[in-house]
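Down below is the structure, laid out as structure tokens.
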Amino acid sequence: MSVTAADYFSAETITNTSADVTFNYGTGAAAFFEVSAIDSKSGFSITGANLSTGNITIADLSAAGNISIELGGMSGSAAISAIDSEGTFTFTLALPT
């Protein structure tokens, strides 16, 4: 699953049985992402190296693989209530220089 054009995504539950769940904001400047539960039988990632604003809200994030969240220089908030991963967890936010 890949999101490359819209800056807003909302869902109650995302469940998959194979492959990674990926949200790629590409060269987009904004990301507004709200999901109650994500259950991936593989990995999960949000990629947004060029983000400048956004809000990421996830109540329950579970992945059998790696979890990677890259938010570029985004201002806003990232709130995740629970994270469960059998792999690595990486959260990247570029600090202003």
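By the side-chain contact (heavy atoms from CB on, under 4.5 Å) test, Thr17 is found to be paired with no residue, residues two or more places apart in sequence or in another chain being considered. Residues passing the side-chain hydrogen bond (donor to acceptor under 3.5 Å, both in side chains) test with Ser18: none are found, sequence neighbours excluded. Among residues two or more places apart in sequence or in another chain, the side-chain contact (heavy atoms from CB on, under 4.5 Å) test is passed with Ser45 by Thr22, Thr47, Ser68. Remark: Ile80 engages Ile58, Leu61, Ile69, Ile83 in a side-chain contact (heavy atoms from CB on, under 4.5 Å) (not counting sequence neighbours). For Asn50, the side-chain contact (heavy atoms from CB on, under 4.5 Å) partners are Thr27, not counting sequence neighbours.
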Candidate pair Thr57 and Phe33, rule side-chain contact (heavy atoms from CB on, under 4.5 Å), full reasoning: CA-CA 6 Å; Thr57 305; Phe33 183 88; over 6 Å; no
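When every heavy atom of Asn55 is checked against every heavy atom of Ser77, the shortest pair comes out as OD1-OG, 2.9 Å. Summarising the geometry of Gly48 relative to Tyr25, their closest heavy-atom pair is CA-CB, 4.3 Å, with the distance given to 0.1 Å.
One distance of note links OG of Ser52 with CG of Leu71; it measures 12.0 Å at 0.5 Å rounding.
Each side chain to side chain donor-acceptor pair (under 3.5 Å) pair with one or both residues in residues 80-95, not counting sequence neighbours, appears once here: Asn66-Thr88. Applying the salt bridge (charged side-chain N to carboxylate O under 4.0 Å, His left out) test to pairs two or more places apart or on separate chains, none has a residue in residues 56-70.
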Check residues 35-44 and write down every donor-acceptor pair under 3.5 Å in which the side-chain atom is one partner and the other belongs to a residue at least two apart or another chain.
residue: Ser36; atom: OG; partner: Glu12; partner atom: OE2; Å: 3.4
residue: Ser40; atom: OG; partner: Asn16; partner atom: OD1; Å: 3.3
residue: Ser40; atom: OG; partner: Ser42; partner atom: N; Å: 3.1
residue: Ser40; atom: OG; partner: Ser42; partner atom: O; Å: 3.4
residue: Ser40; atom: OG; partner: Gly43; partner atom: O; Å: 2.8
residue: Ser42; atom: OG; partner: Asp20; partner atom: OD1; Å: 2.7

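Annotation: Phe9 is not in aromatic contact with Phe32 [ring centroid separation under 6.0 Å not met].
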